[in-house]
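Everything on this sheet refers to the single structure shown next.
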Protein chains: 2
Amino acid sequence: MRIGELAKATGTPIETIRYYEREGLLAAPPRTEGNFRIYDDTHAERLSFIRHCRTLDMALDEIRLLLRFKDAPTENCGDVNTLLDAHIGHVAARIHELRVLEKTLKSLRERCHEARDAAHCGILNELSQTSRQGAINRGGHVRGVHGGVRTRKT
Amino acid sequence: MRIGELAKATGTPIETIRYYEREGLLAAPPRTEGNFRIYDDTHAERLSFIRHCRTLDMALDEIRLLLRFKDAPTENCGDVNTLLDAHIGHVAARIHELRVLEKTLKSLRERCHEARDAAHCGILNELSQTSRQGAINRGGHVRGVHGGVRTRKT
DNA sequence: CTTGACTCTGTAGTGGCTACAGATTGTCTA
DNA sequence: TAGACAATCTGTAGCCACTACAGAGTCAAG
């Protein structure tokens, strides 16, 4: 099958498939005479694996590691467990951070119930305080609240 | 004060201060004869405001909007409430997503307790399934689990 | 033979910084 | 006054995981 069909079969944008190939996650497939990529079921399976991991918010580096275990089937898979445990830890840590953040935001919101003028807005005044209680830099590999995996425009 | 002092006073890396200036969040300050930036307390206060918002995981665009309200003090601040409510909604949505993710990961982890060889590893086998239940593209402006605000090397 | 769908390569942009090169300026000590 | 060293300057490239698009080529149907 060609790239468009693979894209449909796995729910992956075409550009993303080519990106995975550039990144070495997906092997470069053979080409037609006209230079079109030709995939088979093993490619589709591998891509599904990658995408499945991505729905679990794993980093490409983590997925790369998992693929290595898949490719070396006699190897011990204890490291897979370790990787997964670490990933679960990251997710749990991020949840905790966001819970604290949610509380802070809600208490901030409490400071201004009515729509007064901005000069007396409790929220803006509170935000101007130099409190220095929270650090912006988080140690882990857990992303913030915005941005993230983008939706395509089309 | 010069940029280093401002950096220390607000806990902001110097490069970030210059970045905010480029982005128009912080007004370009006057310079010395030798072309060094000179800040006063109003700059420090504004930078604190920005950093405080960032600890609350607001996007720079959201902060830009808040700064506009701050600069137009006679304006009604109902829109501040609206913005904050939306932001709280984003955080709550992200928490929910991560909770679901955490469950999925934990049940995946259940599939392999011992360190067997990778060929029979329940985790790797499960990940190879083409299940298509979860979408990668999230609509909101809530980021994934990895990456995020980086810590500096020094 | 033309139309239109599909694919190709390559490059630039996203957010919010971080890192660093190479030059200039300021401050302190001998 | 010189020299060392810190602080600052501008500009550019990199991070992640894509996304967007330009401009060219390929292919199948009518």
Side-chain angles (χ1 to χ4, degrees), chain A residues 1-8 11-26 28-39 47 50-51 53-64 135-138 140-154, chain B residues 1-8 11-26 28-39 47 50-51 53-64 135-138 140-154:
Chain A
M1 58 181 139
R2 297 199 307 207
I3 199 169
E5 203 182 334
L6 179 65
K8 238 169 243 156
T12 312
I14 288 173
E15 302 96 323
T16 303
I17 297 175
R18 290 196 282 245
Y19 170 73
Y20 288 159
E21 184 182 321
R22 278 201 304 281
E23 288 297 302
L25 290 168
L26 213 50
R31 305 279 186 128
T32 65
E33 285 191 9
N35 203 32
F36 285 10
R37 289 171 179 83
I38 294 295
Y39 298 95
L47 180 54
I50 296 168
R51 294 303 272 180
C53 290
R54 286 293 298 133
T55 64
L56 300 177
D57 255 343
M58 293 180 192
L60 293 193
D61 270 351
E62 289 175 325
I63 298 173
R64 238 183 289 269
I136 290 181
N137 288 344
R138 293 179 290 279
H141 69 183
V142 176
R143 280 194 265 173
V145 172
H146 300 273
V149 181
R150 314 241 135 230
T151 51
R152 22 183 42 221
K153 251 179 202 162
T154 47
Chain B
M1 60 183 132
R2 297 197 310 206
I3 198 168
E5 203 182 334
L6 179 65
K8 238 168 243 158
T12 312
I14 288 173
E15 302 95 322
T16 303
I17 296 175
R18 289 196 283 244
Y19 171 73
Y20 289 158
E21 183 182 322
R22 278 202 303 283
E23 288 297 304
L25 290 167
L26 212 52
R31 306 278 187 128
T32 66
E33 284 191 10
N35 203 33
F36 285 10
R37 291 170 179 82
I38 294 294
Y39 298 95
L47 180 55
I50 295 169
R51 294 303 273 180
C53 290
R54 287 292 299 132
T55 65
L56 301 177
D57 254 343
M58 292 180 191
L60 293 193
D61 270 351
E62 289 175 325
I63 298 172
R64 238 182 289 270
I136 291 181
N137 288 347
R138 293 180 290 278
H141 69 183
V142 176
R143 279 195 267 174
V145 171
H146 300 273
V149 181
R150 312 247 135 224
T151 51
R152 23 184 39 222
K153 251 177 199 162
T154 47

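Below, chains carry the letters A, B, ... as their sequence lines are ordered, and counting in each starts from 1.
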Open item on the list: Does C:dC8 have its OP1 or OP2 closer than 4.0 Å to a side-chain nitrogen or oxygen of A:Arg37?
Closed with: yes
Open item on the list: Is any side-chain heavy atom of B:Glu15 closer than 4.5 Å to one of B:Tyr20?
Closed with: no
TODO: Please state whether the phosphate of D:dG11, meaning OP1 or OP2, lies under 4.0 angstrom from any side-chain nitrogen or oxygen of B:Arg18.
DONE: no
- [ ] Identify, with sequence neighbours excluded, every residue that meets side chain to side chain donor-acceptor pair (under 3.5 Å) alongside A:Thr16.
- [x] none
Task: Atom-to-atom span, CE of A:Met58 to C1' of D:dC18 - whole angstrom - done: 19 Å
Task: Below 4.0 Å: OP1/OP2 of D:dT19 and any side-chain N or O of A:Thr16 - done: yes
- [ ] Look at the side-chain N and O atoms of B:Arg31 and state whether any lies under 4.0 Å from the OP1 or OP2 oxygen of D:dT10.
- [x] yes
Task: D:dC16 OP1/OP2 closer than 4.0 Å to side-chain N/O of A:Arg64 - done: no
Report all interatomic pairs (protein N or O, nucleotide N or O of nucleotides 27-30 of chain D) with separations under 3.5 Å.
unit_1 : atom_1 : unit_2  : atom_2 : d
D:dC27 : OP1    : A:Gly34 : N      : 3.4

Open item on the list: So, OP1 or OP2 of C:dC17: does either fall under 4.0 Å of a side-chain N or O from B:Tyr20?
Closed with: yes
Task: Short side-chain to backbone donor-acceptor contact, A:Arg64 and A:Glu23, under 3.5 Å - done: yes
Open item on the list: Between A:Tyr19 and D:dC16, is there a contact of a side-chain N or O with OP1 or OP2 at under 4.0 Å?
Closed with: no
Open item on the list: By nearest atom, which of the nucleotides D:dA20, D:dC18, D:dT8 is closest to the B:Ile14 side chain?
Closed with: D:dT8
